There are 2 protein chains.
Amino acid sequence: MVNLADVAHQAHVSKMTVSRVINHPEKVSTEVRTAVMAAIELIGYQPNRIAKALVNHQNYVIQFLVLEDVVTVEPNYAILLLHLADVLNQKGYTLEISTTITDNDHIDGIIVSGWRQSDLLALEALRVPVVLYGESPTDHDMAYVDVDNRIGTMLATRHMINAGYQKIIYVGMDVDLPFSNERELGYLDTMVAKKRVSRVYTVANHSHIAEQLIHNIMAQLPKNTGIVCATDRIALGVVRALNKKNGVPEQYGVIGFDGVFIDQISSPQLTTVHQPFAKIAQSLVDNLFLQLQNSELVMQRIAPELIRRDTTRA
Amino acid sequence: MVNLADVAHQAHVSKMTVSRVINHPEKVSTEVRTAVMAAIELIGYQPNRIAKALVNHQNYVIQFLVLEDVVTVEPNYAILLLHLADVLNQKGYTLEISTTITDNDHIDGIIVSGWRQSDLLALEALRVPVVLYGESPTDHDMAYVDVDNRIGTMLATRHMINAGYQKIIYVGMDVDLPFSNERELGYLDTMVAKKRVSRVYTVANHSHIAEQLIHNIMAQLPKNTGIVCATDRIALGVVRALNKKNGVPEQYGVIGFDGVFIDQISSPQLTTVHQPFAKIAQSLVDNLFLQLQNSELVMQRIAPELIRRDTTRA
DNA sequence: TAAAAAGATGTTACCGTTAACAGCTCGTTG
DNA sequence: CAACGAGCTGTTAACGGTAACATCTTTTTA
């Protein structure tokens with residue numbers, strides 16, 4: 001309701017001076033500046049984003065594109081979303097949600113999650129800057145932010161070793177995307193470094209399928225085995241198959257990956273590699289703004305954190 | 001990039017005529033209208049939302065306020081959010097996410113979820129229209145849209161009776177909010193109508209606590225008992241406590257409420273009362289626009305649907 | 001100490017759209 | 001057939017900001 005003209009009148013200066021105080025304060029004398037700031041404070045002026053947008057040819061809107069199937073939508077995205085909204089609000093930007101790739105001209109940039117390989121071409125073709133959540137394949141030169149997946153499973157595997165589990169296996173997921181491959185490598189590298197024999201199983205990312213797998217391979221799981229899982233979903237199924245009766249965490253250790261929601265509703269609660277979503281959100285936004293300003297493409301990996309709960313022994 | 005002036009030039013008319021074709025087509029002659037529409041089509045004009053917003057004193061932004069604690073955020077909200085975004089995009093509106101109540105002037109309306117009793121005063125004080133997701137208490141006269149909670153547990157209870165479970169109990173949640181009370185009433189009413197003896201337990205909405213409850217009261221749960229639960233979270237704990245070995249669904253039936261995510265990762269998968277989020281999102285938006293146009297406060301209840309899965313017998 | 005440069009503030013025009021009003025054409029009416 | 005009104009289209013000004021330029025004052029410089 002209050003606008004630049006009101007402030008200008010209150011401070012006995014022109015609109016332009018007020019605008020300068022806000023955008024280029026160094027170009028205004030100290031006395032005038034403090035007077036204007038006092039006036040702004042007094043009448044409670046807040047800049048009109050719409051008018052600013054019109055004259056600057058910007059929209060102050062960033063789109064969050066959720067390409068994952070809505071039905072199976074991971075709670076991860078909800079958490080990331082809320083953090084993104086916070087970070088952007090602080091910069092005076094609005095976060096818009098979308099589930100389809102469309103070449104709008106009412107947005108300034110896009111943050112994408114849940115993408116598949118097949119989406120990347122369409123994303124590269126867009127006229128606005130794009131940042132992926134999740135490492136992009138090497139044949140696409142796209143900015144991304146991801147948790148450091150390899151370090152994540154490395155932490156998990158090391159923790160298994162330190163906790164004294166003898167045999168340590170990995171249950172990965174059957175998608176050929178960098179994050180998935182990286183998680184597997186984190187396990188494999190650590191096992192090689194520690195001179196252990198590694199064993200990898202692969203399943204679809206569903207608790208029931210993981211549960212079934214464990215039942216099928218139970219004969220090959222001696223007591224004192226640690227099971228590093230590619231996701232909390234898989235870990236949930238593994239824990240369900242093993243169960244307290246079979247001795248989780250005493251006889252079998254289980255570690256998941258993601259640390260959102262699922263880890264908490266599991267029983268016992270999952271030891272898991274937690275993605276620091278607040279940091280990831282901040283990085284995604286910073287990365288996008290960097291691209292807006294310098295057209296600079298940056299790839300970033302954020303270190304994850306192992307959260308020790310009840311599916312591994314101390 | 002293309003603007004009204006470009007279309008006007010292409011169609012040999014004034015900008016105003018083009019604007020009219022878009023906003024008040026009945027005020028333009030048929031020939032001119034078709035010519036202008038052809039021009040719009042030809043050069044691919046899309047109205048500039050920002051400029052429109054400036055002149056109309058609207059923002060074309062609706063805020064989705066998630067007041068639930070971020071850490072425990074229910075996947076429900078994520079689903080609702082995605083549906084809301086779709087509905088609003090179709091109307092040319094942007095959905096903005098926020099987690100705190102602030103009296104912005106860059107939004108046109110608010111849809112609130114996860115609110116508590118203590119938030120309502122602050123919400124009523126806002127200058128923009130507000131619609132609640134979830135029935136408001138009778139002492140607050142606020143527009144809301146909710147699933148019909150009473151019918152939901154009624155469906156669940158009836159289904160238990162039809163499936164032949166002898167004893168039927170209800171595990172509710174320990175919050176004093178209308179949705180929670182309504183769910184309990186749906187159970188109680190049905191039990192009275194069918195001349196059954198009802199029994200209500202109350203727990204916090206966490207799977208582990210529900211699991212513990214079942215262990216504690218196991219002695220009072222004869223075989224052939226049906227357990228109607230206030231949420232899928234509670235149902236998840238109940239199922240875990242009972243388990244296939246104890247005979248879910250043959251000896252014990254369990255029904256949850258919500259039908260998002262949790263019902264699917266449970267084992268066996270939950271029979272549940274599903275909230276139709278697409279419909280709810282549509283209603284929330286319609287309701288909000290009604291308020292924007294006529295200042296009319298409307299309360300709406302959307303019928304839920306029972307989804308039969310593996311925690312009740314056929 | 002006069003001219004040039006630097007500093008501070010104001011004026012104008014514009015971003016893309018629409019409401020309000022003005023103007024033109026044509027048909028109706030007394 | 002002059003006056004009037006209905007129907008259609010165009011002109012102007014405004015929404016709330018900001019860049020570019022203009023103007024005025026002060027400082028620097030030769």
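Per chain, numbering begins at 1; letters A, B, ... match sequence-line order. This one's a predicted model, so the numbers in the text were calculated from it and none came from an experiment. Values below: every heavy atom of this structure, side chains too, minus hydrogens, waters and symmetry copies.
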DNA chain C-proximal residues of residues 21-39 of chain B, any heavy atom under 4.0 Å: Asn23(B), His24(B)

message: The criterion is side-chain contact (heavy atoms from CB on, under 4.5 Å); which residues satisfy it with Asp148(A), sequence neighbours excluded?
response: Arg150(A), Ile151(A), Arg301(A), Pro304(A)

field: Donor-acceptor pair, side chain of Asn3(B) and main chain of Ala5(B), under 3.5 angstrom
entry: yes

- prompt: Looking only at heavy atoms, what is the nearest atom pair of Thr100(A) and Leu65(A), with distance?
  reply: O-CD1, 3.3 Å

- prompt: Which heavy-atom pair separates Trp115(A) from Gly134(A) by the least distance, and what is that distance?
  reply: CZ2-O, 3.1 Å

- prompt: Can you name the closest pair of heavy atoms from Gln117(A) and Pro137(A) and give their distance?
  reply: OE1-CG, 3.4 Å

task: Enumerate the residues from residues 46-54 of chain A whose closest heavy atom to DNA chain C is under 4.0 Å, giving them by residue number; use none for an empty result.
output: Leu54(A)

message: Once side chain to side chain donor-acceptor pair (under 3.5 Å) is applied, do any residues pair with His12(A), and if so which ones, sequence neighbours excluded?
response: none

- prompt: Got a sec, which residues hit salt bridge (charged side-chain N to carboxylate O under 4.0 Å, His left out) with Asp176(B), two or more places apart in sequence or on another chain?
  reply: none

message: Is it true that Asn287(A) and Gln300(A) share a donor-acceptor pair across their side chains at a distance under 3.5 Å?
response: yes

- request: Taking all non-hydrogen atoms of both residues into account, name the closest pair between Ala11(A) and Ala35(A) and its distance.
  value: CB-O, 4.4 Å

For Val18(B) against Leu4(B), the heavy-atom pair lying closest together: CG1-CD2, 3.3 Å

Minimum-distance pair of heavy atoms, taken over all atoms of Val145(B) and Leu284(B): CB-CD2, 3.6 Å

message: Checking Gln58(A) now: which residues fulfil side-chain contact (heavy atoms from CB on, under 4.5 Å) with it, not counting sequence neighbours?
response: Asn56(A), Tyr60(A), Tyr93(A), Asp108(A)

Could you list the donor-acceptor pairs under 3.5 angstrom formed between side-chain atoms of residues 291-299 of chain A and any protein atom two or more places apart in sequence or on another chain?
unit_1, atom_1, unit_2, atom_2, d
Gln291(A), NE2, Val130(A), O, 3.2
Asn294(A), ND2, Glu296(A), OE1, 3.3

message: What range of DNA chain D does chain B touch, first nucleotide to last, counting atoms under 4.0 Å from its heavy atoms?
response: dC8(D) to dG16(D)

- prompt: In terms of heavy-atom contacts, does NE2 of His9(A) have more than 12 from other residues, nucleotides or ligands at under 6.0 Å?
  reply: no

query: Which nucleotide of DNA chain C is the first, and which the last, in the 5' to 3' direction, to come under 4.0 Å of a heavy atom belonging to chain A?
result: dA8(C) to dG16(C)

- request: State which residues pass side-chain contact (heavy atoms from CB on, under 4.5 Å) with Thr138(B); sequence neighbours excluded, sorted by chain then number.
  value: none

message: Please tell me whether Glu135(A) and Asn149(A) have a donor and an acceptor in their side chains that are separated by less than 3.5 angstrom.
response: no

field: Contacting residues from residues 8-19 of chain B, given that a heavy atom lies under 4.0 angstrom of DNA chain C
entry: Lys15(B), Met16(B), Ser19(B)

- request: Determine yes or no for a side-chain-to-main-chain donor-acceptor pair under 3.5 angstrom, with Asn48(B) supplying the side chain and Ala51(B) the backbone.
  value: yes

message: Angle between the end axes of the helix from dT1(C)-dA30(D) to dG30(C)-dC1(D), five pairs per end, to the nearest 10 degrees?
response: 50°

